[in-house]
Each structure stands twice: as C-alpha cells, then as structure tokens.
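Accompanying notes for the structure given below.
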Number of protein chains: 2
Amino acid sequence: MFNEEDKSYPIELVAEFLGVNSRTLYYYEKFMLVCPMRRGRKRYYSKADIEWLEFVREMMYEQGMNLRSIIVLIRRRDDVVLNKCPQDVVDCYKNYLVRVRNFGE
Amino acid sequence: MFNEEDKSYPIELVAEFLGVNSRTLYYYEKFMLVCPMRRGRKRYYSKADIEWLEFVREMMYEQGMNLRSIIVLIRRRDDVVLNKCPQDVVDCYKNYLVRVRNFGE
DNA sequence: AAAGATTTTCACTTAAAGTGAAAAATTAAT
DNA sequence: ATTAATTTTTCACTTTAAGTGAAAATCTTT
C-alpha cells in the first residue's frame, strides 16, 4: 500500500492508514510538520509524506516524544530525523538555522 | 553561585535557583533525569547536576521539548545532550542501548 | 442546483508536566 | 535525648499540548 512513487492520496485515506483522525493531520500542518501537495484546496499526500508521518507517529507514540521536540530535531539537522524527513518540510525550517547554531549558549 | 566544583547543595536552594518547585526535581528523579548524591535520605546536588538541570529547563521551556524526548536523546547518545549530561545519568540508561540500536527499524 | 467530499472552526477530552498542602520521616540543634 | 526545623513522601489538584467530535462553510462534480 502507498507503494507507488508517483501516486498521491487524499487525507482521509492517509489518516485511516496511520490510525489517526484527519484533524490530526491538519494539526500537524499548522506546525509545518508536513506539507502535502495541493491542487486547489484539496491535499494530496505523497509516498514520502506518508512514510515521514509514519515515522513521526513512531516517535510520538512508541517513544513518547512531542511535536516540538521533532521540530527541534529538524532545526538541528539531526541525522536520524533528517534521514526520513521530506526536503520541503526541512526547508520550512531553513529560517530557523540561526537559532539552532546558538542552541545551548 | 554554585561555582564551587566540590560543593553540593540542598534541593530547596536548587529549585529556587531554577525557578521550579522542589516537587519538580523529585519528579525528574523518578524518570532518572537526575541522580543527586545522597547522605542518608537527604539529597545533595553537585555543580554538574545543577548545570545539567539548567540545560534540561532550557530544552523544556525555551524549546518546548518534553521529558521523554530528552530521555530518547540520552539513549541515542545525542551529541548536544550528552555534552551536558552527567555520566551517572547517562549510565542509568545503559541498559537501553540495544533499543537505541534498533531505533527506527 | 443538488449531492458528496473536503476544509475550517469551535469546543471538548485526554494525558503529561508541574504544583499545593499536609502527613510522615529525617536531620540538626539545644 | 527531646525538640525544632528540614526534607521526603503521598494525594489530589491545575495547566497545557495533543488529539478529536460535530457542525458549518467551502469546494467539486455531476
């Protein structure tokens, strides 16, 4: 499922697959944790988006991490997270690089 | 303040310095986020403990991270965190190394 | 224009993080 | 050793982030 590189899927299908409410995906979008492609207002989630969201769920559910921590790791260019995070999401946090550099001082 | 390498300080003083309730420090201890030295039941926080706790507060308050995420980063031997984390706290999570190795698979 | 789907808004639930207060136990002082 | 002062522990409460339900608003499509 969701194996086709070039296909994209509507929010309700993705939410069901991940076992969350579609509202949760809208919620993540407010934090720029995911940026699904759009045609008009309608969202289309790519394979990469879905794999990333699966990883986000694992960090949050299995590991007990929170949203902000995931964002902090994106900003810090953390290896483990960056490995799975779609480029456009990483790019959303480009302007935060300065803050990351000063992290902890 | 708290500049002397070999001195140690009672919980109430440390809590006040950090701007938290002393109950918060007991709470952190339940999660093994800090292991103050003890003489009998009384806790004594070292300079290293206090600097670590300051960093923990920064991660949680400034960055919005949660407790579990900090623990995940200790387990993962994250550079930024390990740099500030006292060895005895790191050691508390030694037995979790295997899980870290399998992280994300 | 009507039916069906998607998005948006409002308000609610849940769980983690943190705290207040008082009882119990220790430590320190006389 | 007995009392006074601290510290620890327990219970229950508050606050906030994360997540959700339901309905209204906005498309889409036929």
Side-chain angles (χ1 to χ4, degrees), chain A residues 7-46 49-50 52-75 81 89 92-93, chain B residues 2 7-46 49-50 52-75 81 89 93:
Chain A
K7 264 200 182 170
S8 58
Y9 308 86
I11 194 166
E12 211 51 63
L13 204 68
V14 177
E16 196 186 4
F17 169 70
L18 294 170
V20 300
N21 195 293
S22 59
R23 292 281 297 96
T24 301
L25 298 183
Y26 292 124
Y27 184 65
Y28 288 173
E29 209 173 322
K30 275 207 300 196
F31 289 91
M32 304 186 295
L33 252 193
V34 65
C35 309
M37 188 252 284
R38 302 177 74 154
R39 213 170 299 136
R41 295 234 165 146
K42 195 171 176 192
R43 291 159 174 79
Y44 294 90
Y45 291 79
S46 71
D49 286 333
I50 295 167
W52 164 242
L53 285 169
E54 251 187 299
F55 185 56
V56 167
R57 293 308 286 175
E58 186 197 313
M59 287 191 280
M60 297 186 78
Y61 268 55
E62 252 95 299
Q63 316 270 342
M65 297 178 70
N66 69 351
L67 246 156
R68 320 275 172 160
S69 297
I70 295 173
I71 291 168
V72 165
L73 293 182
I74 297 172
R75 286 182 190 172
V81 169
V89 174
C92 285
Y93 289 101
Chain B
F2 304 120
K7 265 198 182 170
S8 58
Y9 308 85
I11 194 166
E12 210 51 61
L13 203 67
V14 177
E16 195 185 4
F17 169 69
L18 294 170
V20 300
N21 194 294
S22 59
R23 294 280 298 94
T24 301
L25 298 182
Y26 292 123
Y27 184 65
Y28 288 173
E29 210 174 320
K30 275 209 299 199
F31 289 91
M32 304 187 293
L33 251 194
V34 64
C35 310
M37 188 251 282
R38 300 177 74 153
R39 214 171 297 137
R41 296 238 161 142
K42 196 174 175 191
R43 291 161 172 78
Y44 294 90
Y45 291 79
S46 70
D49 287 334
I50 295 167
W52 165 242
L53 286 169
E54 251 188 298
F55 185 56
V56 166
R57 292 310 284 176
E58 188 197 312
M59 286 190 283
M60 296 185 79
Y61 269 55
E62 253 94 299
Q63 316 269 342
M65 298 178 69
N66 68 351
L67 246 156
R68 321 275 170 160
S69 297
I70 294 172
I71 291 168
V72 166
L73 293 183
I74 296 172
R75 285 182 188 171
V81 169
V89 173
Y93 290 100

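So you know, we letter chains A, B, ... as the sequences are listed, proteins then strands, and number each from 1.
Rounded to an integer number of Å, the gap from Y27(B) OH to dT8(D) C1' is 18 Å. When the C1' atom of dC27(D) is taken as reference, atom CZ of R38(A) falls 12 Å away, rounded to whole Å. Atom CG in L18(A) sits roughly 17 Å away from atom P in dA18(D) (whole-Å rounding). Remark: C1' of dT7(D) and CD of E29(B) are 12 Å apart, rounded to the nearest angstrom. Distance I11(B) CD1 to dT8(D) P: 5 Å, rounded to the nearest Å.
Legend: residues meeting side chain to side chain contact (heavy atoms under 4.5 Å, CB included) with S46(B), ordered by chain and number and at least two apart, are A48(B), D49(B). The side chain to side chain donor-acceptor pair (under 3.5 Å) search around Y61(B) returns R57(B), not counting sequence neighbours. Scanning for side chain to side chain donor-acceptor pair (under 3.5 Å) contacts around Y44(B) gives an empty result, with sequence neighbours left out.
For the residue pair S69(A) / N66(A), a side-chain donor-acceptor distance below 3.5 Å is found, with atom types taken as modelled.
The nearest heavy atom of DNA chain D to F31(A) and to E12(B) marks one nucleotide each, and the one closer to the 5' end goes with E12(B). Taking the nucleotide of DNA chain C with the nearest heavy atom to each of G19(B) and P10(A), the more 5' of the two is matched to P10(A).
Across V89(A) and V34(A), no two heavy atoms sit closer than the pair CG2-CA, 3.9 Å.
Rounding to the nearest 0.5 angstrom, the gap separating the OH atom in Y45(B) from the SG atom in C35(B) is 10.0 Å. Distance check, rounded to the nearest 0.5 Å: OH of Y28(B) to CD1 of I70(B) gives 7.0 Å. Rounding to the nearest 0.5 Å gives a distance of 8.0 Å between CG of L53(A) and CG of L33(A).
When DNA chain C is scanned in the 5' to 3' direction for atoms under 4.0 Å from non-hydrogen atoms of chain A, the outermost contacting nucleotides are dT6(C) to dC10(C).
Residue R68(A) places at least one side-chain N or O under 4.0 Å from the OP1 or OP2 atom of dA18(D). The side chain of Y26(B) contributes no N or O atom lying less than 4.0 Å from OP1 or OP2 of dT9(D). For the OP1/OP2 pair of dT9(D) and a distance below 4.0 Å, the side-chain nitrogens and oxygens of R43(B) include at least one atom meeting the criterion.
Among residues at least two apart or in separate chains, salt bridge (Lys or Arg N to Asp or Glu O under 4.0 Å) pairs with a member in residues 20-31 of chain B are E29(B)-R38(B), E29(B)-R43(B).
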Nucleotide N/O to protein N/O under 3.5 Å, stretch nucleotides 28-30 of chain D:
none

